[in-house]
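Written out below as C-alpha cells is the structure these notes cover.
Throughout, residue positions are numbered sequentially from 1 according to the sequence presented. Everything quoted here is computed from the prediction, not taken from an experiment.
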Amino acid sequence: YLRKRFALTFVPQIRKYMKTLSYHHFIFLLAGLLFASAVNAQTAYMHGSTYEERGHSLIDQMLQTQPVDNGNIKYVSPFYFARLWRDCEKEKAIEKLTEMYQYQLDHVEAFYNSGSDMDFFAHATMHGYMLTKEKMPDSLREKIKAFMKIGKYTRDNGTLNMKLMQTSGLLCAEEWPDFTDADGKTSVQLKEFLHDRIVHTLKQFITHNCPEADAFTYLGTNLQYIRMLAEFSKNEEIRKSALAAYHHIIAQLLLPWNQGLYCANPPRCKGWKNLYTGNLSTGVQIVQLTWLFYGSPDERIILREAANRDNFGCFNFWLAYERTVKPLPFLQALNNSKSYPYDFKALRIDSKHYYCRYTYQSPNYGLSTQTVEAFPEKLKDFQYTYAFKETKNIHLVWQSDNSEASVFSVCHDNPERPQIYQTHSNKLGYGENPYHRVFGYEKSAIGVYNVAENYMNIPHFYQMYVPFSRKGIKKRMVKKINGLQWILCHTGSMMFAFATPEEWTFEVSGGKYDIKAHDVLILKDKKRRRGSWVLETTEITEQYKDARGDMKAELENFANDIRKKVKFNCSSDYETGETPGISYTNLQGNTLELTFFSPETAYSGQYKLNGNPVKLNTEYISQSKYMEQKANSNVLLFHTPEGTKTWKLE
C-alpha cells in the first residue's frame, strides 16, 4: 500500500523538485512526505470490477480496522459481525459482542433514551445475528435474544428509517416462537400486526419511490433493512416484496451515478458537508453505497476507522457481504453503457407532496434541481410542513482531487423544524425555507425567492447564503458583465459562473454563515426577503481551453462568452409584486423564465423554456434514455444497446 501511494504521489513531486533543491532540502522534503503518509495511514483504497469484488474489498478494509473499546452497537458491532462472517479473530469478536450486549442489558434506560439509536441498534443486532448465528456460542445467541426483547416493535416512530425498526421485530417473531417484546407483544401478535404494514411499505417503495430516495445519509440505512428481509424472512410474500424493493432502489441509483459522483437533490440533508458526494467523498454514505453496485473508473477511498461515529464501512457492510441477494448484472452493464451528457427526470412521492427533480449529467460534473410541490388538497399551511426541514433544491458536484470540497449549492436560512413557533436556525446547509423556487435545464439553473412577511418572523428565516469552496475551486474571479456581478469559478475539471442582481458581499469570519474553508456570499441588505440568482456551468471545451493550461485565461474566455451571449431581465414587478420573476438566456441560446409562486400556491406553468410552460414531472419515478418508470406502476423499462427490456417487480 505504501509503495503504491509513494509511487503515485511522492515520486512525481520529488522529480519536480530534484533539480532545484539542495541535498538537505531534499531529505527534509522526503521526511515530510513520509510523515504525511503516516498521518494518513488510516486512509485506504478499495477496488473491484464487479459487485462481488468491491464488497470483498470493503470487508477486507473492515477486517484491518481496529474497533474502539466500549463502542456502541450501531457503529462498532458490524466490524465484529464481519469478523465472525469471515472467520477472522472469532474469539475476540465473540468476546466484544458479548460485552456490548451485556452493557445494554445493564443500562436499559439509556437504551430507551437513545432516540433513533434504538432503531439502528435493533437492526445491526438482528441482521448480524441472522448472518452469523451458526458461528456464535449459545451464550451469545441468548444474550442477543434478551437484548432484542427490550425493543418495542409495534410503535409507529417518526421518520421512515425509524419506522423500519419493525422489520427487526418481525424477524425476532419468526426466529423465536416464544419471543415477547417490551410492550408484551408475542411472536404471534408481532407477525400478525407487522406483516401487512411491512408489505405495504415495500410495495410503496416501488410504485411511489422510497420517500428517502437520494437521502445521502438515510437511503442506505433503509436498504439495509430491506436486504435483511429479503435474505432472512421466513414469510414468502415479505421476502419477495423485499427483494423487489431492493432491486428497484438499486435501479434508481443508476441515473444519479456519474463515474464516481453522486448527483441528486436530497430530501434529507444533514448539513453542508452532507452535500459532498464527489468522487473522493468519505463523509456521505450514499457515494460508497452506489460504488458497491456500479463501481467507478478510479479506486474508492475509505477512512479506515471504527470510532463511535459515522463510518460507512460499518453501514455498507450490510449491503456488501455475499449471500443470496445481490444486484442484477444487467444493471451494471447498463451503467457501463451510459454516455455523457444525458439528463433525466425523477420523482419521490411523500404523504403530502411531490419532490420533482431534474438532473443534467456532464462528463465531469452533475447539476440537479428540484421543486417541492404539495398535493392540491394539502396546499393549506404547506409552509410549515416537515418537507423543508432537510431538503436542498440545487446540487452541483464535480470531479475533484479533493475529497471534501467538490460541491456548490445556493442555500436559504431555515428553522430547525418548520413550525410557526420555532426560534432556532438549522446548522448551515441543513435545509431550505419554503420560499425558494429553482428551475434548471441542462447546464443552467435559475432561482427566485420571496419570503412572506408572516413567515416565522421571530427570528427571521429568510436570508440567502452561497458557499464557495476554497479547496474545490482552484481559481476564482469576479467580473461585472452586462450589468451583473459574476463570480466565475474554475475547479480544474469544469467551470461555473454565479450571479445575483442584488448587491452582495462575503460573510466575515465568525459570522452566522461562516463555513470552514469557504467564502460565503450573503446580501448586503440582510433584511431583504426577495431576490434571484443565475448559475451557468460548462465543461472546459476547446472554445475555453488555454494552451498553457492557465486557469485564469480559461475563465476569461468563459467570461467573454457570457458577455456575448447571456441575457438577464427582471420582471416589471420584481421589487413590488407578490410574484417576482426573471428571464435568463443562457450560453446555448435557451431562455429560462421563472415566476415565483408560494408553497401554498399550485404550480401552473411558472417555469417556461423558450416561451413554453414546462410540465412539472409528477408522472414518472424516473425518465431518461436509459430507464423509465411511471408512478404507481411496478413496471420498469430499460433501454439497453440490445433493445428495450421490460422488468415487472412483484
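- Under 3.5 Å, the side chains of Asp214 and Tyr262 contain a donor-acceptor pair of N or O atoms.
- Residue Lys135 places its NZ atom among more than 12 non-hydrogen atoms of other residues, nucleotides or ligands, all under 6.0 Å distant.
- Here the side chains of Phe312 and Ile302 are not in contact, with every heavy-atom distance at 4.5 Å or above.
- Two residues are said to be in side-chain contact when any heavy atoms from C-beta on lie closer than 4.5 Å; Lys389 and Tyr430 meet this criterion.
- Note that CG of Asp310 and CG of Asn274 are 9.5 Å apart. Values are rounded to the nearest 0.5 Å.
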Please report the C-alpha distance between Tyr101 and Thr125 in whole Å, then the side-chain angles of each, then the deciding distance to 0.1 Å, and finally whether the side chain to side chain donor-acceptor pair (under 3.5 Å) criterion is met. CA-CA 9 Å; Tyr101 290 108; Thr125 301; 2.7 Å; yes

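- With contacts defined as side-chain heavy-atom distances shorter than 4.5 Å, the pair Ile286/Leu253 qualifies.
- Residues that satisfy the side chain to side chain donor-acceptor pair (under 3.5 Å) test with Tyr153, not counting sequence neighbours, are absent from this structure.
- Under the ring pair (Phe, Tyr, Trp, His ring centres under 6.0 Å) test applied with Tyr129, the options Phe81, Trp176, Phe147 reduce to a single match, Trp176.
- Relative orientation of the Tyr75 and Phe315 rings is perpendicular, given thresholds of 30° and 60° on the angle between their planes.
- A distance of 12.0 Å separates CG of Asp119 from CZ of Arg155, quoted to the nearest 0.5 Å.
- In this structure, a donor-acceptor pair under 3.5 Å is present between the side chains of Arg304 and Gln61.
- Between Gln285 and the options Asn311, Thr221, Leu219, a side chain to side chain contact (heavy atoms under 4.5 Å, CB included) holds for only Thr221.
- At least one donor-acceptor pair under 3.5 Å links the side chain of Arg54 to the backbone N or O of Phe293.
- A salt bridge does not link Glu175 with Lys145: every distance from a Lys NZ or Arg NE/NH1/NH2 to an Asp or Glu carboxylate oxygen is 4.0 Å or more.
- In this structure, Glu174 has no salt bridge (Lys or Arg N to Asp or Glu O under 4.0 Å) partners at least two apart in sequence or on a different chain.
- Atom-to-atom distance recorded for Ser233:OG and His195:NE2 is 8.0 Å, nearest 0.5 angstrom.
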Candidate pair Asp60 and Gln64, rule side chain to side chain donor-acceptor pair (under 3.5 Å), full reasoning: CA-CA 7 Å; Asp60 279 348; Gln64 295 177 51; 5.8 Å; no

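- By the 4.5 Å heavy-atom criterion applied to side chains, Lys74 and Cys314 are not counted as neighbours.
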Please test Phe330 against Trp647 for ring pair (Phe, Tyr, Trp, His ring centres under 6.0 Å), starting from the C-alpha separation and ending with a verdict. CA-CA 11 Å; Phe330 90 84; Trp647 187 22; 5.7 Å; yes

